[in-house]
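Okay, here's the structure, questions in a sec.
Order of appearance sets the numbers: ligands from 1, and atoms from 1 within every ligand.
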Amino acid sequence: MISEEFDISKIISNLENTQEISDSELEFLIDGNYDTSELFSTSDKVRRRYYGTDVYLRGLIEFTNYCKNNCLYCGIRADNRKAVRYRLDKEKILNCCRKGYELGYRTFVLQGGEDPYFTDDRICNIVSEIHRLYPDCAITLSIGEKSKESYQRYYEAGARRYLLRHETADPKHYSSLHPDSMSCENRKQCLYNLKELGYQTGTGFMVGSPFQTTENIISDIHFMQELQPEMIGIGPYITHFDTPFHEYPNGSVSLTLRLIAILRLLFPYALIPATTSLGTLDPSGREKGLKAGANVVMPNLSPVDVRKKYELYENKICTGEESAQCRGCLERRINSAGFHIVNSVGDCIRNCF
Ligand code: 5AD
Ligand code: FES
């Protein structure tokens with residue numbers, strides 16, 4: 001496609017006003033050659049209209065790096081014998097919450113690999129204890145694909161949010177990133193189950209994962225238009241040396257920023273994090289993400305001695321800092337980008353209307 005065919009101002013203002021866009025326009029917006037300043041200024045305007053300059057914090061507790069799966073891109077895949085495995089016990093997890101609470105966090109995200117040690121009973125026990133101790137906090141789980149019954153049990157224990165990136169909505173692309181034991185269909189079903197159970201649901205995908213095409217990204221957007229997730233997390237793919245994908249290059253920061261802006265226009269209510277992977281590939285990546293339309297940051301609350309071990313990808317940032325240092329560092333970064341931290345649960349405002 002040549003740029004003359006598209007009126008970029010018209011596409012963007014139409015998208016802003018109606019959230020509608022054709023596939024060929026979307027393709028142009030994603031990888032066309034045009035001046036992106038209007039895209040970014042409009043997404044900034046839309047974010048300010050819905051969320052002002054508020055940035056919500058989610059305290060991330062990476063409580064296990066054991067994983068039974070073998071996603072080809074992921075550093076904690078089961079077959080990576082070089083990964084040094086760890087689990088946090090309930091006491092340690094509660095310690096992270098206590099520290100986080102003192103630092104102002106009102107959302108805890110429990111993230112881990114798919115670790116069979118953490119049975120539903122164990123997860124429910126931990127979730128209900130956090131819920132009992134911190135009734136004013138939201139509990140988010142990010143522990144992969146489970147049965148609908150399990151998701152229901154976690155909900156009953158007090159979890160209200162769940163993060164499960166779909167990774168790619170295209171079944172062929174999905175099977176090039178995952179072993180045969182995993183399927184795109186099951187992943188999507190899990191997400192529909194979560195929505196049905198009443199979870200505030202987060203999904204998303206990696207930008208620049210091996211074999212990803214622009215068409216794949218358009219399918220990702222269509223899938224999310226159907227699912228209507230409350231949260232959308234995207235970040236650049238980053239090579240991990242000890243995976244089968246060690247020879248594939250990193251994803252692009254600038255494409256990730258463009259996509260954040262496009263997602264803000266398509267999903268004005270969405271909670272969109274400026275991800276750690278964005279900050280890993282570019283020292284000011286998270287600030288750029290916020291300026292492009294993101295409104296969430298997920299600082300690490302895990303104990304410092306395990307942080308380096310939760311290595312989904314190489315050179316992950318914030319692995320040497322204490323939680324309090326991360327909090328201070330982020331606050332400065334967020335303020336300098338022209339935003340401010342809100343110490344609240346930070347629900348998706350779509351549910352408040
Ligand atoms: N690069 C970037 N993101 C990754 N993730 C897993 N491995 C990588 C990688 N190598 C992302 C996946 C997963 C989330 C927790 O981290 O999208 O859902
Ligand atoms: Fe753990 Fe993919 S390697 S979910």
With respect to Cys74, determine whether any N or O atom, backbone or side chain, lies less than 3.5 Å from an N or O atom of ligand 1. no
Give the ring-plane orientation class for Tyr310 versus Tyr86, where under 30° counts as parallel, over 60° as perpendicular and anything between as tilted. perpendicular
Polar-atom distance check: Arg165 versus ligand 1, any N or O pair below 3.5 Å? yes
May I ask whether His240 has any heavy atom positioned less than 4.0 angstrom from an atom of ligand 1? no
Who gets closest to atom 7 (N) of ligand 1 by heavy atom: Tyr248, Tyr73, Tyr237, Tyr310? Tyr73
Among all the protein's non-hydrogen atoms, which is closest to atom 5 (N) of ligand 1, and how far away is it? Met206 SD, 3.8 Å
Using 30° and 60° as the class limits, which term best fits the ring planes of Phe241 and His246: parallel, tilted or perpendicular? tilted
Is it possible for you to check whether Lys146 lies under 6.0 Å from the centre of the six-membered ring of Tyr154, through NZ or CZ, and within 45° of that ring's axis? no
Measuring centre to centre across the rings, with the benzene-like ring taken for any Trp, is Phe211 within less than 6.0 Å of Tyr248? yes
Among all protein heavy atoms, pick the one closest to atom 16 (O) of ligand 1 and tell me residue, atom and distance. Leu312 CD1, 3.4 Å
Any heavy atom of Pro236 closer to ligand 1 than 4.0 angstrom? yes
Do the ring centers of Tyr151 and Tyr162 come within less than 6.0 Å of each other? yes
Atom 9 (C) of ligand 1 [closest protein heavy-atom partner, distance rounded to 0.1 Å]: Ile238 O, 3.5 Å
Selection from Gln111, His166, Glu167 by shortest heavy-atom distance to atom 18 (O) of ligand 1: Glu167
Arg161 versus Glu230: any side-chain heavy-atom pair under 4.5 Å? no
Walk me through it: do Lys316 and Glu62 pass the test salt bridge (Lys or Arg N to Asp or Glu O under 4.0 Å)? CA-CA 13 Å; Lys316 200 173 141 206; Glu62 298 157 333; 2.8 Å; yes
